[in-house]
Each structure stands twice: as C-alpha cells, then as structure tokens.
Amino acid sequence: MSLSAARSFLLEAAYGEQELDANSALMELDKGLRSCKLGEQCEAVVLFPKLFQKYPFPILINSAFLKLADIFRLGNNFLRLCVLKVTQLSEKHLEKILNVDEFVKRVFSVIHSNDPVARAITLRILGSLASIIPERKNAHHSIRQSLDSHDNVEVEAAIFAAASFSSHSKDFAAGICNKISEMIQGLDTPVELKLKLIPMLQHMHHDAGLASCSRELLHKLVSSYPNTAMLIVTLHTFTLLATSSLVDIPKQIQLLLQYLKEDPRKAVKRLAIQDLKLLAKKTPHTWTRENIQVLCECALHTPYDSLKLGMLSVLSTLSGTIAIKQYFSPNAGDSSPAPHHTDLVKLAQECCYHSNLAVAAHGIRVLTNIAVSCPEKEVIQLEQETVMGMESLIVLCSQDDSKTAQATLKTALTSLVKMLKSRPHLSQSSVELLLRQLHSACDPARVLMCQALAAIATQQPVLAEGMLGDLLDLFRVASHRTTEKQQELLVSLATVLFVASQASLSEEVKTVIRQQLENVANGWTVYRIARQASRMGCHDFSRELYQSLRTRVASEHFYFWLNSLMEFSQAEQCLSGLSDGDYSAAMTAISEALKSYQKGIASLTAASTPLSPLTFQCEFVKLRIDTLQALSQLICTCNSLKTSPPPAIATTIAMSSGSDLQRCGRISTQMKFSMDEFRSLAARYADLYQSSFDADYATLRNVELQQQSCLLVSYVIEALILDPHTASFQEFGTHGSVQAESEYELKMLAVFNHVLEEVENLSRKHPPVSYLHTGCLCDAVIAILKVPLSFQRYFFQKLQSTSIKLALSPSPRTPNEPIPVQNNQQLTLKVEGVVQHGSSPGLFRKIQAVCLKVSSTLQTKPGPDFKVPLDSKMNEIEQKVEPHNDYFSTQFLLNISILGTHIVSVEASVVDTSGIEWKTGPKTTVSVKSLEDPYSQQLRHQLQQQQQTGAQSGPQRNLLTRFQ
C-alpha cells in the first residue's frame, strides 16, 4: 500500500467507510518517513495527527512519537518544523507517550546543535511538551541559557518555552522570576523584547509570595514605562495574573477603572474595557456598587460611541449576573435606591434610542435584565419603557437587512422573549406589533420575528385564531421567490401557523401551505416543515408532507426513514379523534394506530445503518407501541367488569381469604397485572432517559412526561381499585413544581392535574370496584391519548454527539480465543478509553467522570462433579475515573480462581457536571480461561497415582491371606 493509499484511508476513516488496522497505517507512514524524498517525508509527518485522531490509544501514539523524534533528530530544519506542528496539534495526546525519557532524549540532542534555528525549534518543541516534562532540569537549564543568546529567533523560542514551563512548574516559575525581572528592568534589553517578556509574569501564580512579587514588578513597570504599548501589555498581564491568583481582583478592577476614567488615550481605555469585560464574565461577584457606579459615570460622560459601546457591553454582562442585585441592594445604614433613579437605568434608557444600533441593543439588554431581576412592584414604569424601547428598535431594524441591524434585531427579540416570559401581561400588545411589522419587514428580519413569535406563543397562548388571516397572507407573499432566505422564512412562518392552530389545522390553512410548498419550496424545506408539524402535533398534515417526499429521495434508507415517519404520523392521527366516554371507539382507534406503528417500526429498522443505527428512535417507538397496547388492555380489563361480573360466591371467598378485593372476581388480578406493566414501562422510559446523554432538554422532558403518564395510570389503578390507603401522589414525579416550557407539556400537565382531581373527588364509599371506578380509569386513558404526541428534536436531529471507545489489555490474539490465566494468580485488567465528540462538544452537558463496571461470570466449569465456592462465583467492581484530554485509564484486579471459562464484561457510563449518571455504554466482553497451576496439577496427579496404586495392592493382599 502506498503513502497516498494510507492518506485516503486516514481521511475516510472519519466517515467510517473503511477500516485500516492501526499497525498497518503506522507502517505505511513509517515507509514515508524513511523515504529518500523530502516531500514524501513531510507528507508522512503531517498525516500523523489524522492517525492519532483515528487510533487515539497509547501503544500506537508512543510508537509514532518515537519515530517522529528520530526524524526530528536526524532531519533538516523543515522536517523539524513539521514535527513541531504535529506536536502542537496533538497536544492532548502527549500524555499517552509511554517512553517519555526516550522521546525527550532524542529530541533534546538537537539542543547542542551549532544552528540557532535548530535550537530554537527544539526549545519550542520542549515548550510544547511542558505538560508532560514540567520538572526536567536539563530543559530548564537550556531555556535559561537560551534567554541570554544573541540570536533573536532563539531568544523568542526561549521565551515561549519559559512561558510554557512557568505555567506547569512551580519550581521553574520561582527560579526564572528573578531572571525575567532583571531582563525587564535592565537597560540593555530592547523594548520589543521587554514587550515579549512581560506576559510571562501572568504565570507566576503558583503561590501568594510569587504572585505578590510579580504584582510589585508590574506596579513598577506601570509607573516607569507609561508609553502606550508598554502600558497595554502590562495592564493586560496584570489582569491575567489577578484572574489566576484570585486574591487581587477587586484591586485590579479599581486600577482598570482608574485608567478608564483618567487616562486620555483611547487605546488604553479600550484595553481597560476589554479586561473589565473579562473580569465581569469570570468574577461578577467581586464587583461592588461603587465599581458599577464609576463605570456608569464614565459611559455617561464619554463623547466616543466606540468607548460607550464597550462600557455598555461590560454593564450588559454584569446585568445578567448577581452583580445587578448587589447594585440595587442598600449599603449599611442607607435606604434602598429606587431603580428608576439610578445612573445605570438612566444610562440604559438614554442608550435605548441611540443612533448607534449596537449601543441601543446593549441598552435594551441592560434594561431587560434589570426589569426581570427586580421585584415587579418596583419596576412597573420601567417595564413599560423597556417594552417601548424594544418595539422602537424592532421597527427600526426590521426594515434594514444589514448585518449590524439584524444582530441588533436578534438581541432585541431575545430580550423581548425573556421579558414576556417573566411578565406575561405585556404579551398581547407586543405580539400584535410583531404581526403588524411582519408585513413591511425585510426577509431576514421576518425570519427572526417569526422565530420570536413561535417562542412567545409556546410559552403562553397569545396567538388567537383571528391572527391566522394575517399569517396566511404573509405565507402567500413569502412564496414569490425561491432564495435561501425565502425558504427559511417559509419554515418559520409555517411553525408560527402550527403553534397558532393548536395542533388542529383548518382545511384553509392546509390548502394555502400545500399550494405554496408545491410552487416554490424545495424538498429540504418541505421536510423541515413536516418535522415542525410532527413536533407541534399536527400529524395529519405532516403525514401528507412525508408521503409527498418519499419518492423524492435518492437513497433507500431515506425512503424507509420518510415512510416510517409517515406511518407514525398516521398512527397518531388515528388517536386524534377520540371522544370522552366512547370506549369502543377508543379501542378501535388504538388498534388502527398499532397497525400503523408496526409498519413504521419495520421501515425504521430498515432505515438504520451502521453509521446511523437510530437507537433512540427505535426504542422510543417500541415504548410507544407497548404503552398503547397496555392502555388498550387496561380498557378491556375495565370492560370485563361488565362482560365477566364477579361470581355469586365472591363475597364468601373474600370473607374467607380476608381480601376484600376478591369480591370483584378476576378483575382484581388483571388490574394488579396491568399496574405492574405500567410500572415496568415507566422503568423502561427511565432507562431510555438515562441512555440519552446527547439529547436536548425538550426531548428529555418529553421522555419524562411519557414516564410520568405511565406512573400516573399505575397510581390511578392502585388508588381506585387495588389499595386506596397506601397509594401516594408523589409516585409519578414532581410535575407540579416544574415550569412548563412547551405547549405539549402544558397540555400533559393539565391532563395530569385533571385526572388527579377526578380520582380525589371520587367517593370511596362504593364497593371496592364499581362502574364509577372503571369509568374514571378509562376516562384517564382517553384524556392522555387525546393529547397529540410531540416528536422532539432528538428524534430527527442530533446536535451533540458523544461516544466512548474502550480498549482492554490483555487482549486475545484472535477474537474467539480466551485469555489463559492460572487459577493461583489474579488477572490484571487494564481498561483504556477515549471520549470522542462531534462538531459541538458539551452543547447540552459535559462529561465529568467515566464510571466503569467490571463483572465476571463463570460460563463453563471443568466437570459436573466440580463444586463452585459460593463466595467466589463472580467479580463485581466499580470505579470512577476522570478523563484528561478525553483519555482515561485504570486497572482492575480480578480473582479467577475457579477453573473454567469466564466471561469478563466491562460497561462504561458517564457522570456529567451535575453528578447525574448516564448509561451511555459501550459494553465490552472478553473471554478468560482459568487453568490449573502446574504445582497443583502435579500434586493432583501424584495423589491420583497413589490412589490407583493403593486400589491395585489391596486385592493382591487379599489373595495372599486366602492361600495362607
């Protein structure tokens, strides 16, 4: 295989189209390294990061870096530079180098070269390795020597290496601090070099004494070198040192505010604003009321819009944190300041109508955060002024399609949604303004405004039916052109129509949308609109759209995917026409829905591929099918009270058995079985929830609602029929304390509360099971089914992707061959793993630790007469390990003392930053064969031989005694 073939394999590996053995890929790259052509050598070197990405385990990475070290030692400067770039790109893999000493020895040999460029590259690669060799004294010594070099390239490389080692090594930082101080204060050091040396002081934060010395030096530099470039570098280093040491942040805020207020240079003011914003993000709790007041005064009096914009961005950051509460809280002995009369509010109100749109956007954000965080009775007038400012900004920016205007409009609409969520009584007028403004707005603004309308309408029902006419007119107007923005606008308008229609689209709305989609929409736009319809519960319309798209795709997997979505929509549409009290029709509707679901799950299985297994979708649909079957069976069980009433001797049986439920006949047993089934379904929903680490919050809440509906039905069965005295309302979750985020959740919570009220109000003076009880139970089932199911985002789209790849050692030579272990020894199992991310790592939640569970079970034993000790049947060990740079490694000691074949399984789960454990997998198994140790085997053979010898000599003695 040639080098180009290896390159194609490594490039395609990300898509999973071809698999190449790690050793084979490394061998091909090694051939390129040993080539006589410089170009092929360089090409092989730059392919190593792809190799590390594909096979991120220590054995391969160690071998690869040793080969790169040889190239670095023997090659020219250009090859050394390529190796340096590979090392810097592969920073998170450096700790997987096993032979660190050998690797550093080969690299470090170049430091004795007569070529200053070669020494400079060596220093830079040593600086890149500082995380794994922080205390190497020879590296420290070389960096100190190179700082005194007369070659500028070598000195700059030494500064880079010194900064890297200072950030990782306390000893090096303490030792180099005096030398850096002397060089900075020395008269023979050029100013350009001082500007590069000063940032090194930000790493002198390992202890309080070192930080204090560095801060004193920076104080001297601020007063000794007041020129602009020096002052900017010094102040920024000051800020970074304060954020790392955490003890001088209030002093640093005061210093930056002093320069912002007193220094006339705009460059210094901009640097002060930049650093103040950094401190506002990292430590908002350290800002006092006086600090914010000084910043407001500076913003009020500055004549420059650019500086005012910067100061407002700092205040905007602070207004969304605890600092805003500290600003409005009274000082000791003072009365609480009225929000309307403070300088912060005056500044924000002044900026809301500023000619600079970015300034106005920050002013709106500050006012919104103040209005939301303060008590409502104190900011009634401020709320009205804030909404007026938002509306004026929306009117101004909606007709301008420039990037600045659209960014400002997005900020204003985001603030509006946040305000209306906190103050619902202001919603109606704002929604009417948005609808009026949609007619005259430009296309990019219409998209943003429609998204805001949908966000507001999902929180509270403010889009009345009378507004549908305006939306339909807009939909007709928006379909005249086929640009990309027009396609986006069609999706946004259709979403607003779905929200306004409350999951029941009229024929007029369907006709208008259908006609416009046929005229101008492309297939992707139609799919996105159908997806939104499924999410909003408009299943009848989504079924039509999926059906029209099935034959417009190029892959059979896409065809089966669309076909499954069509069947699911058809199934949910069958349940939309249920009516209270008509139990026979409900049974028929559930039966028809199950038929469509079974067709859909078959298509969904056919649509899955190794790269896209559709695990969540299949499990969610299977649970939906089982839930519908359980609900259908529950209605049949309730009807059985009429079709199969209790026998005449039921009362006698109940009295003799002591169970009052026996009066009801066999329905009590059926109800007990049904209750257990719903609890089992709730447990399966909980498992699905725990396995969906990458799901968005709305999808997880949807799964939780399905689980709570199953627990609710099981509670109603227990409360009405089985055991009214022990049933508890807390069993099905805490939905009452959770604020609803979507229309589907609002409807489900309303159904839950209604069912609970009916159960509580039902008189318990009737016999254990009466028609009132079964009727209430059937009504609860129908009420749950009448809420259209919402297919959330994770069913269609995965925004975050996280997977874990495990490697076990020792590993078998062939896949089915067991690992031999002597029974008098313990097996040391090393588990290594890599956390692999998609394009948006940590979008919803991040991994804090990986939980590894190792268990072993005996599969086969030596013979039927062999007895297994009870205390050593299996190993069960659990251990948590925190990944570093997405890599983790740990070891387990397993007792395999029982002879036979054991199956050792390793299962991984992750713990997020909130401490919640998610069952993400994977689960890996390995076969281990426990063999008898040679010494025990020899003793056993000797014992058997002695027994056989004794058995043979016994009959001979008996014959001799007979003849005597």
Side-chain angles (χ1 to χ4, degrees), residues 352 361 364-365 367-368 371-372 376 379-380 382-399 405-406 408-478 488-506 508-509 512-513 532-533 535-538 739-747:
C352 281
I364 287 293
R365 185 181 292 169
L367 277 181
T368 303
V372 169
E376 188 173 353
V379 290
I380 295 176
L382 184 62
E383 290 173 0
Q384 300 291 339
E385 294 178 358
T386 304
V387 173
M388 288 174 59
M390 290 177 188
E391 292 177 350
S392 63
L393 199 58
I394 290 170
V395 171
L396 179 64
C397 297
S398 61
Q399 303 180 30
Q406 293 308 302
T408 305
L409 179 62
K410 188 173 183 179
T411 302
L413 291 172
T414 304
S415 301
L416 180 64
V417 172
K418 184 177 181 179
M419 171 70 82
L420 298 184
K421 185 177 181 180
S422 176
R423 307 286 190 265
H425 61 276
L426 302 172
S427 301
Q428 200 62 41
S429 59
S430 301
V431 168
E432 290 175 357
L433 170 79
L434 288 176
L435 286 173
R436 289 195 305 269
Q437 198 61 32
L438 273 173
H439 290 280
S440 57
C442 60
D443 289 341
R446 284 177 175 174
V447 173
L448 295 174
M449 293 166 74
C450 286
Q451 291 172 355
L453 274 174
I456 296 169
T458 51
Q459 295 173 5
Q460 47 212 335
V462 291
L463 289 175
E465 291 186 4
M467 302 176 181
L468 284 176
D470 293 338
L471 293 172
L472 286 175
D473 292 340
L474 281 169
F475 201 86
R476 292 189 185 97
V477 172
E488 186 77 23
L489 181 57
L490 286 175
V491 177
S492 302
L493 279 171
T495 304
V496 177
L497 283 170
F498 296 148
V499 175
S501 301
Q502 302 286 326
S504 57
L505 291 176
S506 64
E508 180 188 2
V509 175
V512 171
I513 297 178
Q532 290 292 349
R535 186 179 170 193
M536 300 299 173
C538 303
Q739 185 179 4
E741 296 288 342
S742 65
E743 184 182 353
Y744 174 72
E745 186 175 354
L746 284 170
K747 291 180 179 179

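Small disclaimer: the values here were computed from a predicted structure and weren't measured. Note that the numbering runs from 1 along the sequence shown for the chain.
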### Message
Apply side chain to side chain contact (heavy atoms under 4.5 Å, CB included) to residues Ile394 and Leu416 and explain how you reach the verdict.
### Response
CA-CA 10 Å; Ile394 290 170; Leu416 180 64; 4.0 Å; yes
### Message
Apply side chain to side chain contact (heavy atoms under 4.5 Å, CB included) to residues Leu434 and Leu413 and explain how you reach the verdict.
### Response
CA-CA 10 Å; Leu434 288 176; Leu413 291 172; 3.9 Å; yes
Can you tell me how far apart [atom1] ([X]) and [atom2] ([Y]) are? Round to the nearest 0.5 Å.
X      : Y      : atom1 : atom2 : answer
Leu438 : Leu493 : CG    : CG    : 7.0 Å
Ser415 : Leu420 : OG    : CG    : 10.5 Å
Leu409 : Gln399 : CG    : CD    : 11.0 Å

Are [X] and [Y] close enough that some pair of their side-chain heavy atoms sits under 4.5 Å apart?
X      : Y      : value
Leu453 : Leu435 : yes
Leu426 : Gln384 : yes
Met390 : Thr368 : yes
Lys410 : Gln406 : no

### Query
Going through the checks in order, is the side chain to side chain contact (heavy atoms under 4.5 Å, CB included) test met by Gln451 and Thr495?
CA-CA 8 Å; Gln451 291 172 355; Thr495 304; over 6 Å; no
### Message
Tell me whether Glu508 at atom CD has more than 12 heavy atoms from other residues, nucleotides or ligands lying less than 6.0 Å away.
### Response
no
### Which residues share a side chain to side chain donor-acceptor pair (under 3.5 Å) with Lys418, sequence neighbours left out
Asn369
### Task
Could you check Ile364 against Thr411 for side chain to side chain contact (heavy atoms under 4.5 Å, CB included), going step by step and ending with a plain yes or no?
CA-CA 8 Å; Ile364 287 293; Thr411 302; 5.8 Å; no
For [X] and [Y], work out which heavy atoms get closest and say how close.
X      : Y      : result
Met419 : Ala371 : CE-CB, 3.4 Å
Glu391 : Ser430 : OE2-OG, 3.8 Å
Phe498 : Gln532 : CD1-C, 4.0 Å
Ala452 : Val417 : O-CG2, 4.1 Å
Ala441 : Ala445 : CB-CB, 4.2 Å
Ala457 : Val499 : CB-CG1, 3.3 Å

### Task
Please identify each residue that fulfils salt bridge (Lys or Arg N to Asp or Glu O under 4.0 Å) with Glu488, with sequence neighbours left out.
Arg528
### Task
Taking Arg446 for its side chain and Ser398 for its backbone only, find out whether a donor-acceptor pair lies under 3.5 Å.
no
